[in-house]
Each structure stands twice: as structure tokens, then as C-alpha cells.
Amino acid sequence: MPLIEVEGLTKKYEGPVYALNRASFAVEKGEWVAVMGPSGSGKSTLLNILGCLDAPTEGRVIVEGRDLAQLSPAERARFRAEKLGFIFQQHHLVPYLTAVENVMLAQYFHSMAEEGEAAEALRGAGLGDRLHHLPSQLSGGEQQRVCIARALINQPQLVLADEPTGNLDEVNQALVMSMIDKLHREGRTVVMVTHDPEIGRMAERRIELHHGRLTEISVAPAHEQELEDALLKVVWKAQEAGGKPRLPAAALPEFIANRATFLLMAQEGWLRIDAGHLMLTHDGQRRADYLMRRHRLAERLLFETFEMNEDRLHDNACKIEHGLSSEVTDKICTFLNHPRTCPHGDPIPRGVCCLGKSEIRN
Ligand code: ADP
Ligand code: MG
């Protein structure tokens with residue numbers, strides 16, 4: 001059973017304006033879904049209805065088998081307090097309360113939390129030294145992180161986020177996205193509204209709204225892992241070409257388009273970004289060596305075994321390589337007699353199976 005089922009959801013205003021027009025979809029437990037679409041397409045309306053802050057004109061929202069419209073006010077309040085974390089674009093912090101008091105209050109959505117828990121949640125958001133600051137003494141990114149800490153204080157199962165990175169600088173964008181990524185990895189269900197394709201790509205699945213209609217449900221083009229792998233290979237190849245361990249980020253055309261992913265990869269310890277330079281960490285180097293080895297061996301296999309034309313090798317290797325485990329990669333290497341180069345003449349990084357086989361062919 002899906003966690004959320006949305007059936008024929010419609011929200012009609014005077015005019016008539018259809019903020020939502022018979023939208024239907026489902027969200028599985030543990031899924032991370034991005035709701036995309038231009039301004040005015042109905043994204044906030046949808047999220048507010050999912051969060052019981054607004055009611056539809058027609059249609060139903062069913063969460064864990066229960067129709068939200070059938071809940072009594074008390075049950076609705078309990079649903080919000082126990083199951084739901086809401087992250088708004090506007091921070092909605094109480095201006096005369098400190099960060100820690102705002103998290104403790106978590107007013108309206110949650111019950112009171114105790115100060116120790118609230119402080120711990122703020123430390124988790126990297127705000128340990130801002131506990132007693134007022135919102136006006138915090139940057140936009142810090143306020144947003146207070147808002148996230150507040151939304152998470154009751155460990156909600158379902159996180160709803162409306163443009164969580166709107167108006168944030170790049171560093172805070174990356175921090176906020178890594179917090180949401182962590183929630184997802186911990187098993188929470190995340191429904192995130194964004195109009196930014198780069199942010200949307202971090203989700204597992206995207207839903208698109210246009211004029212209140214669900215026009216498209218698309219699987220993210222690059223699964224997160226495959227995108228990271230592709231970017232690691234890009235850095236590896238740029239370093240191979242330049243022979244440099246540190247690479248100016250500006251030299252990588254992919255850097256700008258994939259900035260959020262690069263920043264997340266830095267947090268995960270695959271690369272370091274330092275004063276505009278990129279370099280692979282020890283772990284990143286090992287993973288990239290393995291990825292390049294797998295890719296170039298796949299090319300060599302297609303070239304020798306299927307006599308595939310050289311200019312089709314790269315694309316076809318990209319299609320098959322993700323299915324190759326490291327054992328299978330070593331078997332291919334052995335089968336091909338540990339080749340040193342790919343069919344284009346580029347070196348294939350050595351694997352454990354190549355140890356002691358120095359006489360190997362080119
Ligand atoms: P988004 O979040 O995608 O920018 P919204 O869900 O906020 O879009 O709004 C969708 C549409 O509904 C817009 O055309 C907006 O003008 C309209 N709308 C939203 N709230 C109201 C309201 N209270 N009264 C009338 N129209 C509204
Ligand atoms: Mg909106």
C-alpha cells in the first residue's frame with residue numbers, strides 16, 4: 001500500500017482558477033518525490049493539502065489508508081504533530097524567540113519539545129553556536145536550517161518541503177539538500193516542491209504540474225548513483241588529461257550544471273572542493289579508478305567480442321557497465337588477458353587480478 005494516494009485532486013478558486021485540476025498520483029513509503037513546475041502551477045496548493053493546511057474542492061488524499069478529509073480536527077492535529085514535518089520557503093520563525101526557543105515551540109505543527117532535544121536538533125543542523133540568536137541575527141540559510149530542525153524535532157515519517165532552497169546561496173543550498181538527502185537515507189518519505197531542475201534531479205522521482213494538471217511523471221534521468229559515477233569519471237579524465245591532482249573547477253563544464261551533486265559528493269568524502277579547485281580524495285580516486293577500469297574494459301569487450309565499431313563503443317559501454325560487479329569486471333579482465341589500454345588507446349587502471357601479470361599485452 002502506498003503511503004500517500006492522491007485521487008482526482010482539484011482546487012478551484014473564483015474565476016474560475018483551477019490551482020489543481022484532477023491530479024492523481026501515489027507516493028511509496030520511503031520515496032523521495034520532487035514536485036516540479038513553473039510558478040503558479042499549483043505546487044504549494046498541493047503541498048498544503050497534503051499537510052492538512054488546506055482542503056481540496058474535489059478529490060481525496062489518503063495517507064496510510066485514511067482519508068484526510070474524514071479526520072476530526074483533533075485527529076488532524078495529531079496527524080500533523082506525529083507524522084508530519086513541514087519545511088516552508090518562508091521560514092515562519094517567531095521573530096522574538098531565539099533559535100532554540102523556536103525549535104522548542106514548534107508551534108502549531110508539533111507539541112512542545114524539551115530544550116535539550118531542541119539544542120541537539122540544532123547541532124545536527126550545524127547551528128550549535130547559534131542556539132540563542134534571534135531570527136534577525138541569523139542568515140537566510142541559517143534560518144532555513146532552524147526551520148528544518150523544527151520540522152524534524154518529532155522525527156516525522158513524512159517530510160513536506162516547499163521550495164526548501166529558494167533564495168539560498170550555494171553553500172546553504174548544499175547544506176539544506178544534504179539534510180534532506182540524509183532524511184531520505186534514514187527512510188523518511190520526502191515530498192519536495194521545487195522549480196529548480198537541478199534540485200529536482202536529486203529526488204528519486206519527479207512529478208510535473210502545469211496549470212494544476214499533472215502532465216508528466218518521469219523517472220529522474222540519471223539515478224543518483226549513476227550521476228555521481230559519471231561525474232567522478234569526468235574529474236578522473238580531466239586529471240588524466242592535465243596530469244594535475246588539483247583541477248580548477250572552472251575547467252569542468254559539468255561543474256556548474258551539477259553543482260549541487262558535486263557539493264554533496266564533497267560531503268560524502270569522494271572529492272574535495274577547495275578555493276575553486278577540485279580533487280579526488282583517496283576514496284574518490286579508488287572509486288574513480290574502478291569506474292574507469294570497468295568502463296574501458298567494457299569497451300574492450302565490445303570491441304573484441306562483438307567487433308563493434310569504435311565510435312559506438314563509448315555509448316554502448318555506458319549502457320552495460322552499471323550492471324557489472326567488481327567480480328565480473330575482474331573476470332572480463334582475465335578473459336581479455338589483462339589488457340593495458342582501451343580500444344582508443346587510453347590506459348586501463350589495473351585491478352587485483354592483474355597483479356604479477358606485468359608481461360600483459362597492450
Ligand atoms: P505554485 O506554488 O506552483 O507557484 P500555487 O499553488 O501557489 O502555485 O498557486 C496555483 C494557482 O492558484 C495560482 O494561479 C494562484 O494564483 C492561485 N491561487 C492560489 N491561492 C489562491 C487563493 N487563495 N485565491 C485565489 N487564487 C489562488
Ligand atoms: Mg509555491
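Just so you know, ligand 1 is whichever comes first in the structure, and atom 1 is the first atom listed for that ligand.
- Using a 4.0 Å heavy-atom cutoff, Pro38 is listed among the residues neighbouring ligand 1.
- For atom 6 (O) of ligand 1, the closest non-hydrogen atom on the protein side is Thr45 OG1, 2.5 Å.
- Remark: minimum distance from atom 7 (O) of ligand 1 to any protein heavy atom is reached at Ser44 CB, 3.8 Å.
- The existence of a salt bridge linking Arg287 and Asp229 is confirmed by a sub-4.0 Å separation between a basic side-chain nitrogen and an acidic carboxylate oxygen.
- Between Lys331 and Glu327, none of the side-chain N atoms (NZ, or NE/NH1/NH2) sits under 4.0 Å from a carboxylate O, so this pair counts as no salt bridge.
- The pair Arg123-Glu120 counts as a salt bridge, with a side-chain nitrogen and a carboxylate oxygen less than 4.0 angstrom apart.
- Ligand 1 has no N or O atom lying under 3.5 Å from any N or O atom of Ala19, backbone or side chain.
- With respect to atom 8 (O) of ligand 1, the closest heavy atom belonging to the protein is Gly42 N, 3.2 Å.
- Not one N or O of Val17 is nearer than 3.5 Å to an N or O of ligand 1, by distance alone.
- One of the N, O or S atoms belonging to Ser44 lies under 2.8 Å away from the Mg ion (ligand 2).
- Judged purely by atom type and a 3.5 angstrom limit, Arg300 uses its side chain to pair as donor or acceptor with the backbone of Thr341.
- Proximity of atom 13 (C) of ligand 1 to the protein is indicated by at least one non-hydrogen atom lying closer than 4.0 angstrom.
- In terms of protein heavy atoms, atom 10 (C) of ligand 1 is closest to Gly40 O, 3.4 Å.
- Within a 6.0 Å radius of NZ in Lys233, other residues, nucleotides and ligands contribute more than 12 heavy atoms.
- Residue Gly37 places every heavy atom at 4.0 Å or more from ligand 1.
- Using a 4.0 Å cut-off between a side-chain N of Lys or Arg and a carboxylate O of Asp or Glu, Glu240 and Arg296 qualify as a salt bridge.
- Side-chain contact check for His184 and Glu204: at least one donor-acceptor pair (N or O, by modelled atom type) lies under 3.5 Å.
- Considering only non-hydrogen protein atoms, atom 23 (N) of ligand 1 sits nearest to Tyr13 CE2, 3.5 Å.
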